[in-house]
S.K.: 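Mind looking over this structure? Questions follow.
Whatever order the structure lists them in is the order used to number ligands and atoms, beginning at 1. The figures that follow rest on heavy atoms only: side chains count, while hydrogens, waters and symmetry mates do not. Residue numbers run from 1 in the order of the sequence given.
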Amino acid sequence: MELNNSVKKCNTLASSYGIKENWSNFKAFENLSTPANEMKHISSRLIHGNPDKQPLNSYRGLKTPVYEAASFDFESAEELERAFRGEIEAFTYSRVSNPTVAELEVRLRDFSGAQQCLCVSSGMAAISNALITLCSAGDNLITSRYLFGNTWSLFGKTLSAFNIEARFANLEDTASLEKLIDKKTRAIFLELPTNPQLVIFNLKAIAAIAREKQVPLIVDNTVLTPYLFNCKNQGVDIEVFSNTKFISGGATSVGGSILVHDSEKWQHIPKLQQDHDTWGKEAFYKRLQKEVYRNLGACLSPNNAYLQLLGLETITLRIDKTCDNALKTALFLKNHAKVKKVGCPAMPGDKYHQLAVEMTGGKTGSLLNFELESKEACYRFMNQLKMIRRGTNFCDNKSMIIHPASTIYCDFTNEEKQLMQVGDGLIRLSTGLEAIEDILGDISEALDKT
Ligand SMILES: *Cc1c(COP(=O)(O)O)cnc(C)c1O
């Protein structure tokens, strides 16, 4: 009797969530895929999402609930079958889709203007899932030598073991890029700007070649995010980024995103030709979402999706502040006698400033680099810092500093490091959100003692 009563209580509680009412027509899921459109500015929409269209949030809590559930219940066996066949949109299993992750995907799609968005467990998972969807053994991709360390290793070691070849071009010289493209080229991949070199490629020129040769263009937009550089209508077919950096806001969690932009190229990819017959422009996304992503299993945890939704609420504010701090810090370093060279595309006079102005309006995020006399000088300087943290992340709320040659690139040969322009005197700094007086004060005192 007592047991029956508590079961009844649970049932009442469950129905108060409104889940059963929504169950048969799955309006919830349908509504999730509608971005908010009443607010003109992305900064507002990233805070609110679409408040009228979040029926999954039945208590009207002002934060998206965290659905930490692997599996979901169905009213009948028939309904379960229809869900598996894709005849109704429903959450079946969180490796495939999850309500909290889906809400993050809606907001990021709105952020970037992409056609589809798929969130995954890390930035590396975003890159590997995208490339595995495009490439088969014997295929190649073209990229630059200026790459995030693990991306370099993914291309050079992991993918090459499956006979997918990365060809390294000087992407500042588009003729050299064109020469490397052949019938087996499935992607051109680049970062904007590159890290830690802070090179900005002429995307317009590269996109024109990619269009002419019908090769998908993939941009890793981690450093700028869609706030500073919008890939839509720029000839970018696939945008990837690490949610770990600016999106999460303060390095709370690891995650990644794949954003698929409007593209005519899928029919030229042998692996996607059949999918193109079935799904047209959605061919890449469907193959990714229905096969590769599920099989590789690098799904984003609902809790991380929640933290990244929180991050999106303040992202534009944080990026504005960090851009301001980065530029002021670069100008300070440029005028310091002990600093040999400063890289910051936002700074007038920087080699890439003109391109930065054309592409982003001149704001280039939190990263800057500078050169001291030697590795020893870099270490003396870094060890004197009191507030700025020695660590590997960037686009964090905290200012962070690292000596790339001896850390991120420690497994690379001297020759490789030279090719990547990662010298012994190079320091990478990511300015955080602290008061500029504290950032400059810390740097100034440390340089005095260097
Ligand atoms: C951090 C980073 C990645 C990898 O992201 P994770 O979330 O750490 O896997 C990829 N590309 C760039 C440019 C990055 O900065």
S.K.: Mind telling me whether Tyr146 and Phe201 have parallel, tilted or perpendicular rings, with 30° and 60° as the class edges?
M.R.: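 Phe201 and Tyr146: parallel rings.
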S.K.: Of all the non-hydrogen atoms in the protein, which one sits nearest to atom 6 (P) of ligand 1, and at what distance?
M.R.: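 For atom 6 (P) of ligand 1, the nearest protein heavy atom is Gly123 N, 3.3 Å.
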S.K.: Below 3.5 Å, N or O to N or O, backbone or side chain included: is there any such pair between Ile127 and ligand 1?
M.R.: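 Among all N and O atoms of Ile127, none is under 3.5 Å from an N or O of ligand 1.
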S.K.: Can you see which heavy atom on Ile238 is nearest to which on Ala130, and at what distance?
M.R.: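 Result for this residue pair: CG2-CB, 4.4 Å.
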S.K.: Could you find the nearest protein heavy atom to atom 14 (C) of ligand 1 and give me its residue, atom name and distance?
M.R.: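 Sorting protein heavy atoms by distance from atom 14 (C) of ligand 1 puts Lys245 NZ, 3.0 Å first.
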S.K.: Nearest 0.5 angstrom please: Gln116 CD to Leu118 CG, how far?
M.R.: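 If I round to the nearest 0.5 Å, the distance is 10.0 Å.
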S.K.: Does this structure show an ion pair linking Asp139 with Arg186, if we count only N-O contacts that are shorter than 4.0 Å?
M.R.: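 Salt bridge flag = yes for Arg186 with Asp139.
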S.K.: Which of the atoms of ligand 1 are close to Gly255, meaning less than 4.0 Å from one of its heavy atoms?
M.R.: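 Atoms satisfying the 4.0 Å criterion: 7 (O).
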S.K.: Which of the atoms in ligand 1, numbered in the order shown and given with their element, are less than 4.0 Å from a heavy-atom of Ser122?
M.R.: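 Under 4.0 Å from Ser122, ligand 1 has these atoms: 7 (O), 9 (O).
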S.K.: Please list the nearest protein heavy atom to atom 4 (C) of ligand 1 with its residue and the distance rounded to 0.1 Å.
M.R.: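 For atom 4 (C) of ligand 1, the nearest protein heavy atom comes out as Phe148 CE2, 3.4 Å.
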S.K.: Examine Phe72 together with Tyr67 and report whether their ring centres are nearer than 6.0 Å.
M.R.: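 Ring-ring flag for Phe72/Tyr67: false, centres at least 6.0 Å apart.
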S.K.: Looking only at heavy atoms, is any part of Phe241 under 4.0 Å from ligand 1, and if so is it the side chain, the backbone, or both, or is it neither?
M.R.: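 It is neither; nothing of Phe241 touches ligand 1.
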S.K.: Could you pull out, from Asp220, Thr222, Leu224, Asn221, the option with a heavy atom nearest to atom 11 (N) of ligand 1?
M.R.: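 Among Asp220, Thr222, Leu224, Asn221, the closest heavy atom to atom 11 (N) of ligand 1 comes from Asp220.
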S.K.: For Thr133, run the side chain to side chain contact (heavy atoms under 4.5 Å, CB included) check against Glu291, Arg287, Lys271, Gln289 and tell me which one passes.
M.R.: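 Answer to the side chain to side chain contact (heavy atoms under 4.5 Å, CB included) test with Thr133 among Glu291, Arg287, Lys271, Gln289: Arg287.
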S.K.: So how far is it from Cys119 SG to Phe241 CZ, rounded to the nearest 0.5 Å?
M.R.: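 So the gap between those two atoms works out to 7.5 Å.
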S.K.: In ligand 1, which numbered atoms sit nearer than 4.0 Å to a non-hydrogen atom of Phe394?
M.R.: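 Result: 15 (O).
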S.K.: With heavy atoms of Thr244 as the reference, note each atom of ligand 1 found under 4.0 Å away.
M.R.: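 By the 4.0 Å cutoff, the relevant atoms are 6 (P), 7 (O).
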